[in-house]
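Inspection log for the structure reproduced underneath, given as structure tokens.
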Amino acid sequence: MSSLTSQILPTLDAFGFWSYWIIGLSSLLEGWWLTSVIVPGTLVVDAGGALVRLGHMDFIDLAWFVGIGAILGGELSWHSGRWLGERVRLPQSAAFRRAQELIRTRGGLALVIGRFFGPVAGFVPLAAALAGMERKRFHVWNIASGIAYALGHVTIGYAAGDIMARLGPYLPRLLLPLALVAVLALVTWAVTHHLRRGLPALRVLGRAIRGRLETWPPLLRFTARHPRAATVIARRLDPERGLLTTAVAALLLYLCAVFIDGAFDLAFVPGTDALDQRIANLAHAFWTPGGLSLAAWVTQAGHVPVAALVALGAVLGLAFWGRRAAALGLATAVAGNALTVTLLKLAFGRARPSLAYFLESSNSFPSGHAAISVALYGTLAMMLWREKLVGPTLAITAGVTMAAALGLTRIYLVEHFLSDVLNGWVVGAIWMVIGFAVSEMARRRSRDPGRSRPALSLSAACACCAAALVIAIHDNPTVAPRVPSAVTVFDNLPDAITGDAFPLDVVTLSGETLPPVSVVSTGLSVDEIAGRLAKGGWTEAARPDVFSGIAALRQDITDHPQDRALVLPAFLDARPATATLHSPAQDAVLRLWGVGHERTGAPVVGWALDAAEGAAAAALRPAEAAALSLVGAQDSRTLATEARGTAVRLTELSPKPLTK
């Protein structure tokens with residue numbers, strides 16, 4: 001998985017070559033006025049540029065697809081504008097008025113300028129067609145604007161991906177979830193605001209197209225030849241009757257397919273469990289008292305008694321306020337989600353992570369907290385929006401933020417694996433959609449909204465929320481006892497190394513391989529080795545905090561070593577390095593793992609050296625020899641591991657203090 005945690009990036013990356021077509025289609029849809037207000041094509045193109053930076057796509061190929069898509073979108077806007085002609089009333093939206101003003105003042109150059117103004121991009125070609133711009137002139141400027149858009153936004157995405165690729169591996173794991181929640185909330189707000197501004201124009205233009213289609217000769221001929229098919233299609237797409245049902249059914253099918261895909265990954269893709277284990281171990285390695293306290297408070301919002309009281313208060317509040325349909329939809333989503341999660345936990349029977357902070361007895365897959373964060377809090381936000389009690393921007397932003405915060409706390413507390421949380425969100429989203437559909441059906445069938453009793457509604461909601469707060473404060477889950485992990489004991493260390501009983505492969509968080517373990521030492525612990533190396537000029541890598549993250553970014557940008565820079569986390573058998581040190585020349589990075597003990601009780605430590613950023617691999621051998629000399633290596637011998645294609649130096653370290 002990419003280090004960029006935006007959902008767009010891993011989704012695009014998973015499609016492989018089809019990513020080019022998907023991104024090109026997104027640029028086309030944003031260039032067409034009919035879809036420009038609902039498709040965030042620019043965000044998708046920028047995400048594609050970030051994938052170029054991460055090495056998953058080619059810059060020139062992507063620019064071709066984006067440019068052609070943008071040009072075709074402009075052509076669609078132009079021809080549909082000519083087709084509509086003067087038969088329709090023009091949409092009086094801010095985006096369309098701005099497009100008209102650009103055409104009036106800038107002429108053909110407006111097509112280039114408009115490409116970089118979101119929803120305006122689709123309306124400028126429409127305004128040009130309705131203003132009578134000649135065909136040949138439009139084609140020239142449309143091609144120029146498509147090329148400028150492709151090169152400009154792919155470059156912007158590349159630059160953003162470069163910054164995040166540099167920042168992502170070094171950001172403290174305690175700070176990173178908070179930053180992700182903030183970025184996700186900001187992006188959600190921007191997209192929602194984008195839709196709010198464009199939807200009025202889309203409604204006007206939709207009515208215009210419908211009126212035009214009713215008198216369009218080809219459609220009239222199709223209706224005459226196939227009356228039954230035309231009637232079914234018309235009902236499915238009728239905004240007042242079947243469009244909502246069609247959209248809900250399509251969305252449910254998609255979400256169910258996503259969940260099935262995630263479940264199959266868990267069952268049949270070994271890399272899924274390996275990634276889960278690495279993330280769990282990494283989260284555990286970066287626990288702090290403050291981080292655990294904050295996460296413990298936030299995660300209480302998904303605690304079953306707390307969530308049940310919040311749901312009860314919300315349902316009673318909506319019902320007493322006269323919003324019975326919304327209350328029924330919310331109750332359906334919460335109850336259905338609870339039943340589904342319970343059955344899925346029993347069906348999969350996945351054990352909780354062994355490093356979990358709290359002692360919880362239920363199974364791990366899927367995450368109930370993640371599911372309820374969407375089914376309860378997401379559905380509640382949607383119902384408040386649907387009942388016009390809050391605005392859509394606030395509702396969507398608050399719902400997404402709550403879901404992200406609850407899910408990330410489960411990962412940080414190691415109560416769930418990453419795949420548990422992702423699939424929990426999907427289950428919650430399925431029931432959110434079902435709850436919305438139920439509320440809409442109830443709203444259409446019931447003409448009596450019910451008596452509104454605001455005082456009783458507010459009292460019931462406040463009483464339940466107050467009880468939930470009391471439970472959240474006093475009914476805290478039991479902290480799991482910290483049982484020391486089992487220590488591996490090697491009866492015959494050389495045989496373990498030459499066989500497959502000793503782990504050698506070192507990988508990054510995303511599973512990319514790093515130089516394997518090249519030295520196995522006995523006699524000294526990791527702390528003792530690090531202490532001796534420190535006396536010889538080796539420096540321990542900085543602890544994760546804001547300043548070390550900034551130092552790592554400065555090091556990447558300036559290509560000058562920074563003493564306080566963080567090092568990319570690495571894993572041996574899913575465990576992060578116990579200690580990480582820089583060589584005196586800052587050209588090598590040494591990672592140490594306490595792997596176990598020999599039968600005599602002597603500690604066994606695995607060493608893996610990697611070249612520092614910008615340093616040559618040739619520096620590793622001298623750095624390794626210098627490090628072994630500093631720690632007092634004795635009786636070194638090389639073991640060939642033919643099955644794994646590498647050689648390992650087995651050395652014994654003297655526990656006696658070294659003399660100068």
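Values below: every heavy atom of this structure, side chains too, minus hydrogens, waters and symmetry copies. For the single chain, residues carry numbers from 1 onward in sequence order.
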Query raised in the report: Between Asp420 and Arg352, is there a salt bridge with N-O shorter than 4.0 Å?
Result: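 Salt bridge flag = no for Asp420 with Arg352.
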**Report entry** Test: Arg278 and Asp573 ion pair at under 4.0 Å
**Finding:** no
Please check if the side chain of [X] supplies one atom and the backbone of [Y] the other of a donor-acceptor pair under 3.5 Å.
X	Y	result
His416	Ser364	yes
Glu652	Thr522	no
Asp276	Ser419	yes
Trp593	Val605	no
Ser293	Gly290	no
Ser629	Ala626	no
Glu528	Ser525	yes

Are the side chains of [X] and [Y] in touch, meaning some heavy atoms are under 4.5 Å apart?
X	Y	result
Val604	Phe502	yes
Val479	Leu359	no
Leu590	Leu533	yes
Asn337	Val427	yes
Pro366	Lys345	yes
Gln277	Asp273	yes
Arg591	Leu572	no
Leu650	Pro494	yes

Could you grab the distance from atom [atom1] of [X] to atom [atom2] of [Y], nearest 0.5 Å is fine?
X	Y	atom1	atom2	value
Leu581	Leu592	CG	CG	6.0 Å
Ile279	Phe571	CD1	CZ	8.0 Å
Ile60	Phe65	CD1	CZ	13.0 Å

Report task. Using the test ring pair (Phe, Tyr, Trp, His ring centres under 6.0 Å), find all partners of His153 that sit at least two apart in sequence or belong to another chain. Result ->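 If we apply the ring pair (Phe, Tyr, Trp, His ring centres under 6.0 Å) test to His153, skipping adjacent residues, the hits are Phe116, Tyr149.
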Minimum-distance pair of heavy atoms, taken over all atoms of [X] and [Y]:
X	Y	value
Ala295	Tyr412	CB-CD2, 3.7 Å
Ala570	Val506	CB-CG1, 3.8 Å
Ser367	Arg410	OG-CG, 4.1 Å
Phe358	Ala296	CZ-CB, 3.7 Å
Val517	Gly606	CG1-CA, 4.2 Å
Ala307	Leu376	O-CD2, 3.5 Å

Report task. Could you walk me through whether Phe490 and Asp495 pass the side chain to side chain contact (heavy atoms under 4.5 Å, CB included) test, one step at a time? Result -> CA-CA 9 Å; Phe490 297 98; Asp495 287 349; over 6 Å; no
Report task. Evaluate the side chain to side chain donor-acceptor pair (under 3.5 Å) criterion for residues Ser521 and Trp607: first the C-alpha distance (whole Å), next the side-chain angles of each, then the deciding distance (0.1 Å), finally the verdict. Result -> CA-CA 8 Å; Ser521 66; Trp607 300 40; 2.9 Å; yes
Query - Val648/Leu504 under side chain to side chain contact (heavy atoms under 4.5 Å, CB included): CA gap, chis, key distance, verdict - result: CA-CA 9 Å; Val648 178; Leu504 297 178; 3.9 Å; yes
Query raised in the report: Does a donor on one side chain sit under 3.5 Å from an acceptor on the other, for Ser518 and Glu624?
Result: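 Distance-only check passes for Ser518 and Glu624.
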Requested in this report: For Arg350 and Phe417, run side chain to side chain contact (heavy atoms under 4.5 Å, CB included): C-alpha distance rounded to whole Å, both residues' side-chain angles, the deciding distance at 0.1 Å, then the answer.
Outcome: CA-CA 10 Å; Arg350 190 185 195 188; Phe417 296 108; 3.4 Å; yes
Query raised in the report: Would Thr580 and Glu540 satisfy side chain to side chain contact (heavy atoms under 4.5 Å, CB included), going step by step from the backbone distance to the final call?
Result: CA-CA 6 Å; Thr580 304; Glu540 189 172 355; over 6 Å; no
